[in-house]
Amino acid sequence: MATDTLKSRTGASSAPGGLRRLLLDNGALTALIVLVIALSALSGDFLTTDNLLNIGVQAAVTAILAFGVTFVIVSAGIDLSVGSVAALSATVLAWSATQHGVPVVLAVLLAIATGIACGLVNGFLIAYGKLPPFIATLAMLSVGRGLSLVISQGSPIPFPDSVSHLGDTLGGWLPVPVLVMVVMGLAAAFVLGRTYIGRSMYAIGGNEEAARLSGLRVPKQKLVIYALSGVFAAAAGVVLAARLSSAQPQAADGYELDAIAAVVIGGASLAGGTGKASGTLIGALILAVLRNGLNLLSVSAFWQQVVIGVVIALAVLLDTVRRKAGAGSQAAGSGGGNRGRQAATYGLAAVATVAIVGATSFLHNGSAGSGNPKVGLSLSTLNNPFFVQIRAGAQAEAQRQGVDLTVTDAQNDASQQANQLQNFTSSRLGAIIVNPVDSDAASNSVKAADRAKIPVIAVDRGVNNARTDALVASDNVAGGELAARTIAERLGGNGKIVILQGQAGTSAARERAAGFAAGLKAYPGIQVVAQQPADFDRTKGLDVMSNLLQAHPDVQGVIAANDEMALGAIKALGAKAGRSVPVVGFDGTPDGLTAVKNGTLYASVAQQPTQLGKIAVDNALKALQGKKIDETVKVPVKVVTKENVNGFTG
């Protein structure tokens with residue numbers, strides 16, 4: 001009787017408690033299902049085979065990185081270096097295979113060895129050097145990125161064709177990056193659930209001192225844990241470079257944060273001791289679905305960052321609630337019963353999702369849309385006035401001609417831009433305008449759009465190794481030569497100057513630097529005493545120029561690869577700017593033109609960015625309508641000085 005009563009009470013109390021525990025233990029899966037259902041209802045372009053495969057491809061690199069980070073977080077550590085290690089490993093592969101004739105198989109092994117070496121250094125500093133994981137991996141983040149730039153000399157290196165196939169598809173539809181992601185995920189799940197090192201991770205994360213007292217060799221285990229993270233980072237770097245057909249020295253910048261976010265969203269605790277490979281995969285898919293869906297819904301690039309930040313915060317909050325509720329104890333999922341329940345949960349979730357999504361898909365059948373031509377514009381960045389002006393010109397022309405224009409911000413990330421272009425291709429846009437982060441890296445995505453019969457217009461920068469219907473641009477090299485001639489003539493053909501270069505690895509920085517060099521050849525009396533990158537950023541322009549003035553206080557002129565860096569240099573020069581030290585900028589931005597009027601900026605090589613945007617939209621619409629357009633549309637550059645600035649509109 002007592003036993004029956006106890007069972008009755010337990011069953012009565014466990015119904016709502018069981019549902020609550022189910023939701024807590026599977027919060028990431030629940031969130032993914034809700035997102036898929038909501039986006040399917042909001043966008044008729046979301047639930048297509050091409051778009052779902054796009055999501056898988058876009059999640060692949062983050063997921064592979066995150067599987068490696070899962071090992072570290074489960075053991076109560078952190079790894080901030082995975083993005084830089086990925087870029088360094090890919091650079092080593094491309095550099096050794098294409099520039100030094102190393103067999104591709106050996107080059108791949110060198111890339112993996114690079115990842116292992118970086119991980120072992122991290123592990124040694126943490127386990128034996130007693131450095132906090134945050135500090136040790138932060139140092140490796142800087143070292144890895146620096147070595148990548150040193151090896152590549154700041155320029156992308158073409159990837160070997162045999163390895164570039166990792167970015168292709170099997171049978172013309174199944175993306176190889178998705179297969180690699182699945183294989184790496186299974187490997188991570190096996191390591192966590194079936195190996196001694198996996199059990200060690202949970203033990204160290206749960207209580208490192210108890211693990212040590214129980215006989216576990218914690219320092220050696222940490223070496224292995226961080227080495228594994230390095231292996232997964234190297235694999236992610238190879239897959240990313242294969243997608244872009246080149247090893248980009250600035251690739252995967254900031255991806256360590258996405259990887260950590262995916263692990264946390266997937267249910268792992270930053271306090272250590274809990275985490276699963278399946279949860280990490282779900283976390284990576286949530287980030288990819290969010291970005292994809294927000295692109296399709298034409299949500300502002302700035303608001304996208306806000307939304308993703310909120311999701312990460314909510315995930316950490318859920319982790320806190322779960323641990324307080326005691327649900328986290330099952331995160332390791334070691335018992336057979338737990339695994340059975342998880343499989344049943346995933347199966348039910350899949351069935352429910354398919355049923356609901358199938359129902360919502362009928363909402364979009366036969367939908368005619370607005371009837372206006374649809375054009376997508378992918379800009380390399382919106383954190384620069386020049387590209388903001390391109391957007392403004394494009395939006396004004398789109399409004400005038402009745403075009404629905406979707407604008408995205410690649411944030412100077414070639415991989416993110418590739419994702420955006422894939423989203424455009426799968427979302428029934430009539431035409432695409434791309435301002436490439438890198439001319440080589442955009443080629444595969446542009447080829448995909450071409451195969452889909454979507455016209456592509458390149459603006460400001462061309463796309464290498466791919467066909468575009470038109471290139472609307474000023475000539476960066478010619479503009480660089482014009483800037484060099486302007487400063488040389490202002491100095492009478494003699495003097496010491498410094499050059500502030502753009503962000504290493506970008507095509508604009510390379511082309512403008514080539515123009516500066518070509519233009520200065522005609523003036524042997526001009527001596528370049530220093531050339532340093534300031535990343536197209538005003539603050540960095542100020543800092544770099546301040547540093548250069550310590551070594552070269554007698555500098556007589558400055559050329560900057562854009563107006564933002566020029567304005568930073570002016571601040572560093574103080575009263576000298578515009579008087580004893582002329583500064584020449586590039587782009588003709590509003591702030592730059594104001595400085596020209598005030599006399600602090602001697603001149604700006606203006607590209608008329610507003611006109612670039614307007615002409616790009618006009619040509620995209622003509623291409624969409626099947627009208628003939630010129631393959632190259634040149635918008636002339638113009639040197640704007642105090643004498644002609646009032647008549648210049650941009």
Side-chain angles (χ1 to χ4, degrees), residues 63-83 85 115-141 184-185 187-236 256-257 259-281 283-284 315-316 319 322-323 328-334:
I64 295 169
L65 283 175
F67 291 139
V69 173
T70 302
F71 301 144
V72 177
I73 289 180
V74 163
S75 61
I78 198 77
D79 192 347
L80 300 177
S81 68
V82 290
V85 172
I116 293 173
C118 292
L120 287 174
V121 171
N122 283 335
F124 182 83
L125 292 175
I126 293 164
Y128 296 99
K130 302 303 180 183
L131 288 182
F134 183 92
I135 299 300
T137 58
L138 182 63
M140 182 55 71
L141 179 152
M184 299 302 285
F190 178 79
V191 169
L192 284 169
R194 299 285 186 174
T195 65
Y196 174 76
I197 182 62
R199 293 190 292 274
S200 300
M201 293 174 192
Y202 289 111
I204 294 170
N207 189 321
E208 182 174 331
E209 181 61 18
R212 185 186 66 80
L213 292 174
S214 66
L216 196 64
R217 296 180 177 179
V218 173
K220 289 186 177 179
Q221 299 304 319
K222 286 188 175 181
L223 280 177
V224 176
I225 290 167
Y226 281 92
L228 282 171
S229 180
V231 169
F232 278 74
E256 56 278 349
L257 301 181
I260 293 169
V263 177
V264 174
I265 291 172
S269 172
L270 288 172
T274 62
K276 297 179 290 185
S278 59
T280 295
L281 176 61
V316 177
D319 169 55
R322 182 174 61 244
R323 282 190 284 116
S329 61
Q330 298 187 31
S334 57

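Worth knowing before you read on, the calculation uses all heavy atoms, side chains too, and leaves out hydrogens, waters and symmetry mates.
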For the residue pair [X] and [Y], what are the closest heavy atoms and their distance?
| X | Y | answer |
| --- | --- | --- |
| Ala271 | Ala76 | O-CB, 3.7 Å |
| Ile78 | Val72 | N-CG1, 3.2 Å |
| Tyr128 | Lys220 | OH-CG, 3.8 Å |
| Ala66 | Ala259 | CB-O, 3.6 Å |
| Ile260 | Asp79 | CD1-O, 4.2 Å |
| Ile126 | Ala136 | CG1-CB, 3.7 Å |

Inter-residue atom distance [X].[atom1] - [Y].[atom2], 0.5 Å rounding:
| X | Y | atom1 | atom2 | result |
| --- | --- | --- | --- | --- |
| Ser229 | Phe67 | OG | CZ | 13.0 Å |
| Leu125 | Met140 | CG | CE | 7.0 Å |
| Arg199 | Arg194 | CZ | CZ | 10.0 Å |
| Ile225 | Thr70 | CD1 | OG1 | 12.0 Å |
| Leu65 | Thr280 | CG | OG1 | 11.5 Å |
| Leu223 | Leu228 | CG | CG | 11.0 Å |

Donor-acceptor pair, side chain of [X] and main chain of [Y], under 3.5 angstrom:
| X | Y | answer |
| --- | --- | --- |
| Thr274 | Ser269 | yes |
| Tyr226 | Cys118 | no |
| Ser75 | Phe71 | yes |

* Asked: Picking from Val264, Val74, Leu80, Val82, what satisfies side chain to side chain contact (heavy atoms under 4.5 Å, CB included) with Val69?
  ->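 Of the listed options, the one satisfying the test is Val82.
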* With Ile204, which of Arg212, Glu209, Gln221 fulfils side chain to side chain contact (heavy atoms under 4.5 Å, CB included)? ->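 Of Arg212, Glu209, Gln221, side chain to side chain contact (heavy atoms under 4.5 Å, CB included) with Ile204 is met by Gln221 alone.
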* To do: Kindly determine whether Thr137 and Leu141 satisfy side chain to side chain contact (heavy atoms under 4.5 Å, CB included), including the steps that lead there.
  => CA-CA 6 Å; Thr137 58; Leu141 179 152; over 6 Å; no
